Amino acid sequence: MRPLYLGCCILCLMFPEVAEGQSLLGSTGLGMKLEPVDATQRALGGMGVGGRTPTIIPGNPVASLDLLASTASVTMQPMWGKYELGSSEGTFSGTRFPIIGLAFPLGTSGVATFTLNSFFDQNSSAAVRDTLQLLGNDIPVTDQSDLLGGLSALRMGWAQRILPSLAVGGSVGVYTGSVERNFVRSFDVDSLPMLGTIQDFSDSKAWNYSGPLISVNLSWDPFTSLQLASSLQWSGDISLNPMGATGGDKHAIRAPLEVRIGGNWIANPDLSLSAGFSSSDWSDSGHADLDAVAVGRTASYGVGLEWEATRFWAGTFPLRVGFRGSTMPFLFKDHKVKERTVSAGFSVVLAEAFELPIAALDVAIEVGKHSAGDLRENFKRLTVTLRAGNR
Amino acid sequence: MRNSRSTKGFLLVALLPLLGCSENVATAPDLDLIDVKPRTLEVLLPFEDFVQQSSILGGYGSSSDFGSGVVAKEFQGFTAKTIMRFSSYPESLELQGASSGLKFIGGRVVLSFDSVQGPVNEAISLEISATQQAWDVKTVTWDVAVDTVGDRTTWVQAGAESSIVLASGDLNSHLAGDDSVTTFASISMDVDSATVAAWGLGSSSQGMVVASTDSGTSLNLWDAQLVLKAVPFSNPDTIIEVPVPVSDLSFITNPLPVTPEGWLRVGGLPSWRSVMTIKLPEQVEGSIEICGKIGCLFDVAKSQLNLAELILRTRETELGYRPTRPLGIQIRSVLSPSLLPKSPLGDPIGALQGVTIQPEFFSGSEGETAIFSLTDLLEFDSDELSGMFPSETIVLLSNNEGSTVNFASFQGSGSSGSPTLRLLLTVPELGSGP
């Protein structure tokens, strides 16, 4: 099994950035919110709580309780699509690594987890061409602004099954990450040879994030066929700290309480139905610029169906379909941003012990769209999670 | 077996997502979403707001560095004479395989000219005369024969008029007046044996002055030669000619240009340079965009410099020194202002070839603008700037000092066209966060 660990380590070294985004939505508010869910939850439209598959999900160590062995997981997420904004259109693409996690079973009823996940993606770019009346001429200028970075969360968690049908968990962590804003105004005087070279105006600033966050989880099986779960995430102030030569004061952003509930129902041994819901309100962040674009209370919801169709490779071969709908916490050009996706996926068990998977590959493909006013983004998002346990 | 298959599977799947790793961030067509609103404004600083000190320095180089002579008489009010000294005569000569001593019995001076200003296709009267007092090729001027350390001797008669006329003649001027065509003409004038003998003594008073006696012409003398007539001791029946090249050559002009007062001069021979110590002001008048309608002063240090240009206005150059060809002028930093006029200079600021100014800019009373880039010199990093802007001393000088007697003139502090500094500044009105 060591090569599996090696593979994960190589990937982590190759791609140290946990998240990179591509959508225009990365430019508003704190950026584009990213759900900390793996490929199994992506395929089911889930919110990261109440899943049947033992996996590693940030802020929900209960999800790792049924892992048989120390496990590492990494989730990769290529995304590509095209956008229309008024008369402007284009394409975007990129790959994220939204979750990296480790889980260590503690006896037969406990587990400790360590996770790093992306929380908000702040990659964006904007360019405007204009003309300025200078030096007695109309001088074409291009203003280009780029944001690069994101807000992530680093957490350690613990979960314990206290009754066969009841498990509790909690995690503590810190916000981390940084964002860099580069702005360049360039003067195009090529068409005006009588003018000398006009140097670009450039401005580069960077901030990093810090702040605590805590989550508590509960999982309850009222019946053998029904599992209910919830998660409550509390955040202290997210501190926005100027880096290097970036001037200005620190800013504190009050992050909201986030509630997640979910469950799954085993309709028959091969078929289960899952549903999830989450909600948060970013409108009282204490940061005027952020509050100005905050939507208020927003919700995400999703439903999915999992069917263990057959056996494949070393274990079962579940097929999944799902639907997810959500409203982003920040306005885009004064409009609410809605995301709708339909998804499908499967898992391939690569190795198992005692009829339980210890290494698996989970795949989800989503087809979705973002809409906000005259913005339309149609995208496809592939999520691949590799889980590897040490036998 | 299962392990092997698992491993291969992992590796295969691990590679798949990497296919999509190239990043293509969507570019929004406006900046509304990003809290950046820079303002670019144009500021024109008058002379007194950025020049702390200006001065004109002359005397760089010598007319002897020109390499050729100028002969003019009242050409646009300008008179010039070429003064030269010949090399030592040979004491012997190789004739038919044997060395023989020489007896000089006379000679002639051959003068070659390559361009003319003034009437063309007309004969120009020239005369040569022998100097009667010591002169120094590096320091000789119309008024002064020697101006070395501890020795300043004026001519007995200004313009080396005390020289004794040796010969005169007419140069049949078929020289082209058009600078684009180079043509040549030469004249030969005899000198007697006494003069030849006197010049052969090698004294510091030895020398010859070439002058024009026809008004309104100006000639460029590009070569001169003394051709000695000699009789070899080994063959007294034969007269041979022995050429002797020029060893020292310079020219003297009248009137000498007066030192500028309140205006700038660049070029000439010896060359002039204009020095300015400049400094960006801490504050400038803000535009309505920056300050609103009430107006205000805004801190230059809070902006970024996109462009800095020194704008000069040409002025009419004195007759005789007025450029006839485009002049290249550059600006350099004075690296040690306290060592002026001998301070080392930095590299050219802005274009390496400087700014080329057309000659007609110096003939009208209105003048034209000449723009020199100072962006590289004055750019600053507002993050690293502490306190006030530093003073910078710059010098305007000719690209090819010593190549022409003509010079450029610009308005100085005392006129309506005084130098101005044009700045393009961008004020980063950026938001406090990303």
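Throughout, protein chains are lettered first and strands after them, A, B, ... in sequence-line order, and every chain is numbered starting at 1. All figures in this text were calculated on a predicted structure; none of them were measured in a lab.
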A:Asp188 meets the side-chain contact (heavy atoms from CB on, under 4.5 Å) criterion, sequence neighbours left out, with A:Pro140, A:Asp190
Does a side-chain heavy-atom distance below 4.5 Å link [X] with [Y]?
| X | Y | value |
| --- | --- | --- |
| A:Leu134 | B:Leu307 | no |
| B:Leu424 | A:Ile198 | yes |
| B:Thr375 | A:Thr197 | no |
| B:Asp376 | A:Gln199 | yes |

Test salt bridge (charged side-chain N to carboxylate O under 4.0 Å, His left out) applied to B:Glu401 - qualifying residues, sequence neighbours left out:
B:Arg273
Using non-hydrogen atoms and a 4.5 Å limit, figure out which bit of B:Leu425 sits close to chain A: side chain, backbone, both or neither.
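Looking at B:Leu425, nothing touches chain A.
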Proximal component of B:Ser373, with respect to chain A [non-hydrogen, under 4.5 Å]
neither
At a 4.5 Å cut-off on heavy atoms, which part of A:Ser202 comes close to chain B: side chain, backbone, both, or neither?
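Both parts, backbone and side chain.
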Looking at every heavy atom in both A:Asp200 and B:Gln304, which two are closest together, and how far apart are they?
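Looking at all heavy atoms of both residues, the shortest contact is O-OE1, 3.9 Å.
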Of all heavy-atom pairs between B:Thr426 and A:Phe187, which one has the smallest distance, and what is that distance?
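Minimum heavy-atom separation between B:Thr426 and A:Phe187: OG1-CZ, 4.1 Å.
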Does A:Lys380, at its NZ atom, have more than 12 non-hydrogen atoms belonging to other residues, nucleotides or ligands within less than 6.0 Å?
no
